[in-house]
Amino acid sequence: MPSMRVTTDTWPRRAAQEPLLLLLLRSSLMKSASLQALNPNRAMAAMGRSVRVVLDSSVLLDPSGVTAEEEEVVVALRPGAEALLRRLRYSNLRVAICHPEGLTTNESGFLEKTAKLYSFGYMPLTSPSGSNLLNELMLEWSETNFCFYVTSGVHEGLLSELQNHNWEVIAMGNEDVIKNSGVIHISMLQELLITLATSIKKEIGNSSAFVRGAFPIYPSKNDLIFVPLSFELPLASQLQEVDLVLHKITDEIINIDPNSSISFPKGISFSPGMSEIIRFVEEHCDFCVIDPFKNIYPLLDRIQIQEILIRLEGLSAEGRPKLRAPCFLKIESFCGSELQKQLAEAKLSFPLIVKPQVACGVADAHNMALIFKIEEFSNLSVPLPAILQEYIDHGSKIFKFYAIGDKIFHAIKNSMPNASHLKSSSGGKPLTFNSLKTLPVATKEQLLQNEVQDSKLLDINLVEEAAKLLKELLGLTIFGFDVVVQESSGDHVIVDLNYLPSFKEVPDNVAMPAFWDAIKQSYESRKQMTQT
């Protein structure tokens, strides 16, 4: 079965049981390698085998080696090696670092410490003059695992023995080695991850019927293989190897003009790499991204979020709590003479939460304030334009909901105390905070006072209905939203909505399979849409 590729004008033809290869676009998150034909006998035995990757010291250590005054070599990793090791740590691959005899004590000690730091194995190799150049562990691995040996300078005898024991050899920057047809060649370290991913996909795909480990290079239980995108390598050649791109475009925003919100992406400045991705997708309309950029743009603007939430109010019915968005008002200035009148017309009363209109993607999008009287708007530092939102007493409990594909999860977290507690501690000034860092949380005493309110049950069915409708309205695979229950009325108020949250409150053994299933289902759904 040929390896799967994404072409420029159509969806790839993919067998039902072949692993999906995803390119993972990251914010703080490869030119294609020349892949030689792999041994078909080993491909047939690949199913159910673990993948071992042994990194030779030659690909990790900086060959420049700075010499200090005492004539000692200062040992360091070569550029790009640290990022590689960090990603391999969470790849679900079994990784070890090895080196030949003859390294200095400083070098071998440095490699051993590095292996321990990343929870990798560590093994010195015997001298190349020996008759058996592989240690017993490597010989054992070759019987039960799919093994890669990564190097930048393979000794001819070692190369022959590796291949005799069914190891795949990946050589970096060594044009001489490429003459051997059994060697995979890469020109730089940043190509290694996508080379591993495509090789594993080819082997396992032919035989097969994230930090949390959410983005494994080794296939997940439902045959997903993840590889991080590198902006240091040409984009087109990386995309040719994958089926889809998983991204969080909001982490690649440099600046947003809120006055352009109704015509996003106009007015948004993205990182150069993200801009290149967007251009590529525009030029290749059949290429799959999760999720489509246009579906995410409304969540960059709190006004648009409010308008979306208002559409959920039709779910309320007699005998059920009222589901609604908070009352709100958009303002362009904190000192307008008409502000008091505007508040009355919007049916808003103090206290109020002041939030920037831009919801995410820029540094100050989460700088907010709680205002108790009109005078406190003076010299307020929240970016404009802004929205004023009613503050809802909710017993210091917030319900965090996560929609992951067709599955809905929720968790209960402690939240901000009721307005009376906040006002007494404000000192007559607005309470300013960053909602990602310094959100005021109720004290233990305040939580005890509100303990009785925990018995006011959330209507789970109502909120799950809202989640399904939101999924339909937004067209997103993974999103989150926050619900509070108003103490005085029992209203269920959705106070926040965001794309691709961390869903850290959901246990790993539940979240990750759901996450993987959601991605695969979304891909299959989008593929069918383009083929009809």
message: Measuring only between side-chain heavy atoms, which start at C-beta, is Phe372 closer than 4.5 Å to Leu431?
response: yes
- request: For the residue pair Leu84 and Val59, establish whether any side-chain heavy-atom pair is separated by less than 4.5 Å.
  value: no
task: Any chance you could lay out the side-chain hydrogen bond (donor to acceptor under 3.5 Å, both in side chains) test for Asn418 and Ser420, step after step, and finish with the verdict?
output: CA-CA 6 Å; Asn418 288 350; Ser420 58; 5.7 Å; no
task: Mark yes or no for whether Lys471, through its side chain, and Ala403, through its backbone, hold a donor-acceptor pair below 3.5 Å.
output: no
task: Could you pull out the closest heavy-atom pair between Leu469 and Leu312, with the gap in Å?
output: CD2-CD2, 3.5 Å
query: How far does CD1 of Ile305 sit from CG of Asp496, to the nearest 0.5 angstrom?
result: 6.5 Å
- request: Determine, step by step, whether Leu229 and Val245 satisfy the side chain to side chain contact (heavy atoms under 4.5 Å, CB included) criterion, reporting the C-alpha distance in whole Å, the side-chain angles of both residues, the deciding distance to 0.1 Å, and the verdict.
  value: CA-CA 9 Å; Leu229 173 70; Val245 169; 6.0 Å; no
Least distance between heavy atoms, Thr477 atom then Ala518 atom: CG2-O, 3.6 Å
Steps toward side chain to side chain contact (heavy atoms under 4.5 Å, CB included) verdict (Phe270, Ile277): CA-CA 10 Å; Phe270 294 100; Ile277 285 276; over 6 Å; no
message: So Leu85 and Phe120, do their side chains get closer than 4.5 Å, heavy atoms only?
response: yes
field: All side-chain contact (heavy atoms from CB on, under 4.5 Å) counterparts of Ala81, not counting sequence neighbours
entry: Leu60, Leu77, Arg78, Leu189
message: Rounded to the nearest 0.5 Å, what separates atom CG in Leu500 from atom CD1 in Ile404?
response: 9.5 Å
query: Heavy-atom distance under 4.5 Å between the side chains of Leu55 and Leu192, does that happen here?
result: yes
task: Verify, without hydrogens or angle tests, whether Glu252 (side chain) and Ser271 (backbone) share a donor-acceptor contact under 3.5 angstrom.
output: no
message: To the closest 0.5 Å, what do you measure between CG (Asp301) and CD1 (Ile387)?
response: 8.5 Å
field: Close side-chain approach of His247 and Ile296, heavy atoms under 4.5 Å
entry: yes
- prompt: Do Gln304 and Leu299 have side-chain heavy atoms sitting under 4.5 Å apart?
  reply: no
is_close_aromatic(Phe401, Phe481), centroid dist under 6.0 Å: yes
message: Can you classify the ring geometry of Phe377 versus Phe334 as parallel (below 30°), tilted (30 to 60°) or perpendicular (above 60°)?
response: parallel
message: In this structure, is the centre-to-centre distance between the rings of Phe280 and Phe287 below 6.0 Å?
response: yes
query: How close do Ile290 and Ile519 get, heavy atom to heavy atom, and via which atoms?
result: CD1-O, 3.6 Å
- request: Could you grab the distance from atom CG of Leu329 to atom CD of Gln389, nearest 0.5 Å is fine?
  value: 11.5 Å
- request: With Leu300 as reference, evaluate Ile253, Val358, Ile249 under the side-chain contact (heavy atoms from CB on, under 4.5 Å) test and give the passing residue.
  value: Ile253
- request: Identify the heavy atoms of Asp243 and Tyr523 that sit nearest to each other, and give their distance.
  value: O-CE1, 3.8 Å
- prompt: Using 4.0 Å as the upper bound for N to carboxylate O, is an ion pair formed by Glu465 and Lys468?
  reply: no
- prompt: Is there a donor-acceptor contact under 3.5 Å linking the side chains of Ser522 and Arg526?
  reply: yes
field: Stepwise side chain to side chain contact (heavy atoms under 4.5 Å, CB included) test for Tyr391 and Met416
entry: CA-CA 10 Å; Tyr391 185 78; Met416 297 174 67; 3.3 Å; yes
task: With side chain to side chain contact (heavy atoms under 4.5 Å, CB included) as the test, would you mind laying out the steps for Leu233 and Glu191 before giving the verdict?
output: CA-CA 8 Å; Leu233 298 170; Glu191 298 175 32; 3.9 Å; yes
query: What about Phe399 and His492, are their ring centers closer than 6.0 Å?
result: no
task: Check whether any side-chain heavy atom of Val382 sits under 4.5 Å from a side-chain heavy atom of Pro356, and report yes or no.
output: yes
Point-to-point distance, once rounded to the nearest 0.5 Å, from CZ of Arg89 to OH of Tyr118: 8.0 Å
query: For atom CD of Glu82, is the number of surrounding heavy atoms from other residues, nucleotides or ligands below 6.0 Å larger than 12?
result: no
Stepwise side-chain hydrogen bond (donor to acceptor under 3.5 Å, both in side chains) test for Ser275 and Arg279: CA-CA 6 Å; Ser275 298; Arg279 285 194 297 271; 4.9 Å; no
- prompt: Are side-chain heavy atoms of Asp491 and Ile392 found at a separation under 4.5 Å?
  reply: no
message: Could you report the tightest heavy-atom contact between Ala325 and Glu390, atom names first, then the distance?
response: O-OE2, 4.4 Å
message: Rounded at 0.5 Å granularity, tell me how far NZ in Lys400 sits from NE2 in His410.
response: 12.5 Å
field: Lys413/Glu505 ion pair, N-O < 4.0 Å
entry: yes
message: Within a 6.0 Å radius of atom CZ on Arg94, are there more than 12 heavy atoms belonging to other residues, nucleotides or ligands?
response: no
message: If you count every heavy atom of other residues, nucleotides or ligands that lies below 6.0 Å from Arg311 atom CZ, does the total exceed 12?
response: no
statement: Closest non-hydrogen atoms of Cys360 and Ile256, given as atom of the first, atom of the second and distance, are O-CD1, 3.6 Å
- request: Fit a plane to each ring of Phe226 and Phe515, take the angle between them on a 0 to 90° scale, and name the class: parallel (under 30°), tilted (30 to 60°) or perpendicular (over 60°).
  value: parallel
